[in-house]
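Here is the naming used below: chain letters follow the sequence lines, and residue numbers restart at 1 for every chain. Predicted model only: the values in this text are computed from it and were never measured.
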Amino acid sequence: MAAPRIIVIGGGLAGLAAVIKIAEMGADVDLFSIVPVKRSHSVCAQGGINAAKNLKGEGDSTWIHFDDTVYGGDFLANQPPVKDMCEAAPGIIDLLDRMGVPFNRTPEGLLDFRRFGGTLYNRTAFAGATTGQQLLYALDEQVRRYESEGKVKKYEHWEFLSAVLDGNRVCRGICAMDLRSMEVRTFPADAIIIATGGNGAIFGKSTNSVVCTGSAQSALYQQGCYYANGEFIQVHPTCIPGNDKLRLMSESARGEGGRVWVPKAPGDKRDPKTIPQNERWYFLEEWYPKYGNLVPRDIATRAIFKVVFELNLGIDGKPMVYLDLTHIDRKILDRKLEGILEIYEKFVGDDPRDTPMKIFPGMHYTMGGLWIDFKQATNIPGIFAAGECEYQYHGANRLGANSLVSCIYGGQIAGPNAVKYARGLQALPDGNGVFEAEKKKQEDANSLLMNNQGTENPFRLWQELGELMTKDCTVIRYNKNLQQTDAKLVEMLERFRKVNLSDRTQWANTSVAFTRQLYNMLQLARVIAQGARMRDESRGAHYKPDFPERDDKNFLKTTKAYFAPDADEPKFEFEEVDVSLIPPRPRKYDAAK
Amino acid sequence: MANKSVIIKIKRQNNPTSNSYWEEFELAWHPGMNVISSLMEIAANPVTRDGKATTPITYDSNCLEEVCGSCAMLINGRARMACSALIDNLEQPVKLEPFSKFPIVRDLATDRSVIFENLKIVKAWVPIDGTYDLGPGPRVSPEEQEQAYPISRCISCTCCMEACPQFNEDTGFVGAATIAQVRLFNTHPTGKELQRERLSALMGDGGIQECGYAQNCVEVCPKDIPLTKAISEVGGAVMKQAIGDLFRR
Ligand SMILES: Cc1cc2nc3c(=O)[nH]c(=O)nc-3n(C[C@H](O)[C@H](O)[C@H](O)COP(=O)(O)OP(=O)(O)OC[C@H]3O[C@@H](n4cnc5c(N)ncnc54)[C@H](O)[C@@H]3O)c2cc1C
Ligand code: SF4
Ligand code: SF4
Ligand code: FES
């Protein structure tokens with residue numbers, strides 16, 4: 001029997017972890033990625049990766065890691081896979097260590113660990129302030145090794161468009177587009193693994209990278225995959241607003257004593273340093289005297305929103321507040337925070353040691369994603385998923401430094417399961433018809449866009465989408481607004497038909513690729529908005545002032561959206577959450593749990 | 001500050017074989033602009049300074065925080081990353097050109113995959129036995145970590161290669177970044193295993209001997225990687241191995 005052929009889409013941590021496992025099992029892998037895999041979004045992760053190695057004599061354990069994760073996620077995650085992940089985490093760190101990741105070390109030469117949000121333990125391994133970059137490079141190097149042995153073939157600058165499904169709705173391969181020649185082609189495979197990351201671009205500006213559009217996930221949802229818990233979107237309280245993206249300002253700035261404030265007088269235009277203490281409002285310290293500036297992410301974010309949007313006290317009337325480090329000794333700042341202060345200096349041009357930083361919450365992470373079972377399989381046979389694009393590990397809210405571990409773990413589970421599935425697969429009886437049909441469908445979609453004579457500029461339509469979703473679908477949610485959001489999305493999908501590409505050439509046409517992604521973003525945005533509309537409770541990152549409590553009786557359930565092609569809209573089902581290991585209890589960070 | 005504008009001149013080329021041409025754009029100034037955010041604005045309103053409708057500019061980008069290595073181009077003649085190039089710090093008109101030593105894909109996008117090929121040639125990886133749970137890695141002192149980490153931050157942007165006088169088709173020189181990676185892996189306790197092979201790959205034409213120590217590479221490296229130090233250390237090791245091989249023959 002020929003070795004099974006697996007296609008992996010996405011070369012971030014999840015995709016690369018899957019590729020390595022598959023190659024190791026002797027199967028052939030084709031690896032597709034929009035950007036060269038070494039340039040994937042995973043390089044952006046700064047803080048670190050969690051594993052209960054208990055190297056600090058604190059009595060940490062994988063069970064406590066598991067409990068922290070489930071509790072932090074407000075009990076919405078299925079517990080058995082989370083437990084397995086936490087148990088595998090120490091081994092994953094060891095593996096990364098063997099691959100040469102330059103983790104920070106203790107004087108004895110052992111791995112060093114730091115503390116992150118949502119836990120009382122030093123559980124986060126880190127490599128300077130660029131942990132994600134270092135982990136991705138380690139996996140990238142191992143994949144390059146397999147590539148040079150001929151076991152992996154890379155298709156970089158190729159974009160996944162759709163899955164090829166046979167008459168029984170079993171996946172037989174993919175349809176993809178060469179982003180240079182614009183050629184649309186199909187590729188047969190016995191199983192495919194989707195590892196296409198997050199969907200920040202739906203919110204316009206976010207902390208995510210440019211290619212994190214969720215387009216692949218949306219395409220699959222429109223082909224029949226369930227999309228789960230889409231309404232759970234994590235917003236990080238401290239980001240640097242920018243014209244092009246919101247750059248993360250790590251929690252450690254507040255950990256080292258950073259204070260958040262706004263001028264008491266609305267629209268105060270003075271240089272912040274000249275504003276006297278008694279004319280500054282340290283609202284987090286006033287509202288949360290116990291935790292002060294170090295309240296959890298969702299609470300800090302909501303407080304900033306309230307100050308800016310309800311009280312209209314943003315700096316200079318704009319959506320920004322100060323994060324102030326100027327009272328701290330320069331030498332201490334340089335020793336402890338240099339990496340992140342450099343980002344501020346480089347991109348804003350001001351020195352945060354001298355002048356307070358201007359920050360605002362930004363969309364950061366999607367807890368929701370493709371629905372998968374405990375083997376990382378979606379509901380369509382032959383399609384697996386791993387990484388931020390799936391929903392399994394973080395429930396209603398992700399803890400800091402848990403994503404990197406879930407990506408690698410998910411990839412390591414998806415890879416072998418895809419091979420196992422592929423080995424048991426019956427060959428496709430009736431030749432190429434399904435491939436030709438899918439190719440034609442996607443080519444037609446392209447030529448429709450190319451020839452469209454409308455008035456809508458796709459990049460401007462996207463800006464509108466981002467503003468809409470950020471305003472009503474992130475931090476504070478009201479049913480009325482969510483309903484209006486969905487109506488506007490329908491309107492925008494209508495306007496999309498009149499989209500006009502200013503570029504109609506057949507070579508490296510970024511407008512075509514982007515416009516296709518935009519359509520998928522609009523479709524997925526409806527899943528997010530409607531999912532949020534339906535969930536009348538507050539849980540983790542999802543907060544409705546009209547329903548401020550968690551409601552386990554009605555909503556301890558996974559939201560599962562599926563696409564109804566005839567109606568051209570999402571339909572919803574709800575699935576019980578597996579809480580068989582830890583009974584749900586109230587989530588409160590103002591007391592020990 | 002009001003009504004200030006920004007003039008950007010862009011060298012364009014529709015495909016790898018067509019002729020290049022220049023287009024000029026004028027954008028309204030606002031605080032915090034960088035080269036990529038300006039290119040995004042042009043995409044949303046692709047009209048040149050003299051009012052001619054045109055196409056959005058093709059360029060590479062992803063992270064927008066100078067860590068993915070995608071957006072390298074010549075900005076006012078200097079090899080650097082576009083996402084961290086703040087407009088306020090640039091002389092106007094801002095001149096954008098694609099890298100000159102790599103095949104042009106379109107406009108500002110170039111094919112820089114040669115760096116990934118070079119990393120294969122020098123086996124820039126740690127040869128682990130497998131991904132099974134085989135216990136922790138070797139102990140590494142904080143001092144060793146502090147040596148390795150800076151080199152490991154290389155984002156494969158190829159700025160050092162664009163700026164290097166020795167990097168061109170004639171020499172086939174691998175470039176500073178790849179040599180620095182050899183330094184990284186040859187000092188890793190397990191990576192060392194492949195030390196000889198890596199050094200051999202750097203001997204002969206296109207190898208480390210091509211370097212003229214002009215130091216242009218260090219000056220443009222956005223990650224301040226100690227390139228000349230790495231080159232001289234690896235150069236020494238290559239020399240030592242070459243002499244050793246001579247006597248062993
Ligand atoms: C600024 C920032 C800091 C963070 N810090 C941390 C941290 O400290 N700790 C932590 O645990 N988590 C952190 N996270 C979260 C974490 O970085 C991500 O969740 C994680 O890296 C996602 O990895 P991934 O493998 O799922 O996808 P990605 O790394 O996003 O990779 C996606 C891949 O899919 C490809 N792709 C996408 N669409 C297509 C398509 N249609 N066709 C072909 N290829 C496609 C891309 O080219 C890419 O290769 C951070 C996130 C951000 C934004
Ligand atoms: S020192 Fe000079 S010749 Fe050598 S790699 Fe750097 S730029 Fe090139
Ligand atoms: S050494 Fe510096 S300039 Fe060269 S590729 Fe690496 S980061 Fe870029
Ligand atoms: S976009 Fe990643 S380095 Fe500039």
Side-chain angles (χ1 to χ4, degrees), chain A residues 20-21 24 35-36 38-41 43-44 91 94-95 97-100 102-111 127-128 130 133-134 137-138 141-142 144-145 147-148 156 180 209-211 241-245 247 343 346-349 412 457 459-460 463 502-503 505 507-511, chain B residues 14-15 30 32-34 36-37 40-41 43-46 53-56 58 60-70 83-84 86 88-89 105-106 109 113 116 119-120 123-128 130-131 133-137 139-142 145 148-149 152-153 155-156 185 188 190-191:
Chain A
I20 293 168
K21 280 287 180 194
E24 203 170 60
V35 294
K38 194 176 180 180
R39 311 202 190 286
S40 295
H41 169 66
V43 294
C44 289
D94 285 345
L95 173 62
D97 182 20
R98 284 170 44 228
M99 287 176 177
F103 283 119
N104 282 52
R105 300 283 166 169
T106 65
E108 209 182 313
L110 297 170
L111 298 177
T130 60
Q133 177 198 33
Q134 298 305 316
Y137 288 3
E141 287 148 10
Q142 297 300 322
R144 188 165 294 109
R145 180 182 173 199
E147 193 190 4
S148 70
E156 292 172 328
R180 287 170 177 171
S209 296
V210 172
V211 303
N243 295 309
D244 46 350
K245 102 170 263 191
R247 295 177 180 88
I343 293 189
K346 214 163 209 168
F347 288 94
V348 181
Q412 290 190 339
N457 174 306
F459 297 95
R460 270 174 281 177
Q463 283 168 4
S502 39
D503 186 355
T505 54
W507 176 262
N509 184 328
T510 44
S511 304
Chain B
N14 295 347
N15 61 56
H30 43 96
M33 291 172 90
N34 63 52
I36 296 281
S37 76
M40 286 176 170
E41 281 185 41
N45 183 26
T54 183
T55 52
T58 297
D60 286 318
S61 74
N62 198 27
C63 70
L64 307 185
E65 50 192 66
E66 205 188 68
V67 67
C68 78
S70 295
C83 61
S84 57
L86 300 186
D88 286 353
N89 298 341
V105 174
R106 180 174 171 179
S113 54
F116 301 126
L119 291 174
K120 268 187 218 159
K123 299 188 195 291
W125 53 74
V126 174
I128 57 164
T131 64
D133 199 350
L134 299 173
R139 288 209 182 183
V140 174
S141 70
Q145 191 271 348
Y149 177 65
S152 193
R153 291 178 68 216
I155 58 177
S156 300
F185 287 97
H188 183 271
T190 320

With a 4.5 angstrom heavy-atom cut-off, is it the side chain or the backbone of B:Ala124 that approaches chain A, or both, or neither? backbone
Structural part of B:Glu66 lying under 4.5 Å from a heavy atom of chain A: both
Residue selection (most heavy-atom pairs with chain A, distance under 4.5 Å) from B:Val105, B:Thr54, B:Ile155: B:Val105
Using the test salt bridge (Lys or Arg N to Asp or Glu O under 4.0 Å), find all partners of B:Arg153 that sit at least two apart in sequence or belong to another chain. none
[X] vs [Y] side-chain heavy atoms within contact, under 4.5 Å:
X	Y	answer
A:Lys346	B:Asn34	no
B:Lys123	A:Ser148	no
A:Arg98	B:Thr190	no

What pair of heavy atoms forms the shortest contact from [X] to [Y], and how long is it?
X	Y	value
A:Asp97	B:Pro136	OD2-C, 4.1 Å
A:Lys38	B:Ser156	NZ-OG, 2.8 Å
B:Val126	A:Gly100	CG2-CA, 4.2 Å
A:Asp503	B:Arg106	OD2-NH2, 2.8 Å

Please look at A:Val211 and chain B and tell me whether the side chain, the backbone, both or neither of the residue comes under 4.5 angstrom of a heavy atom of that chain. both
Output yes when a side-chain donor or acceptor of B:Asn62 lies under 3.5 Å from a complementary backbone atom of A:Ser209, and no otherwise. no
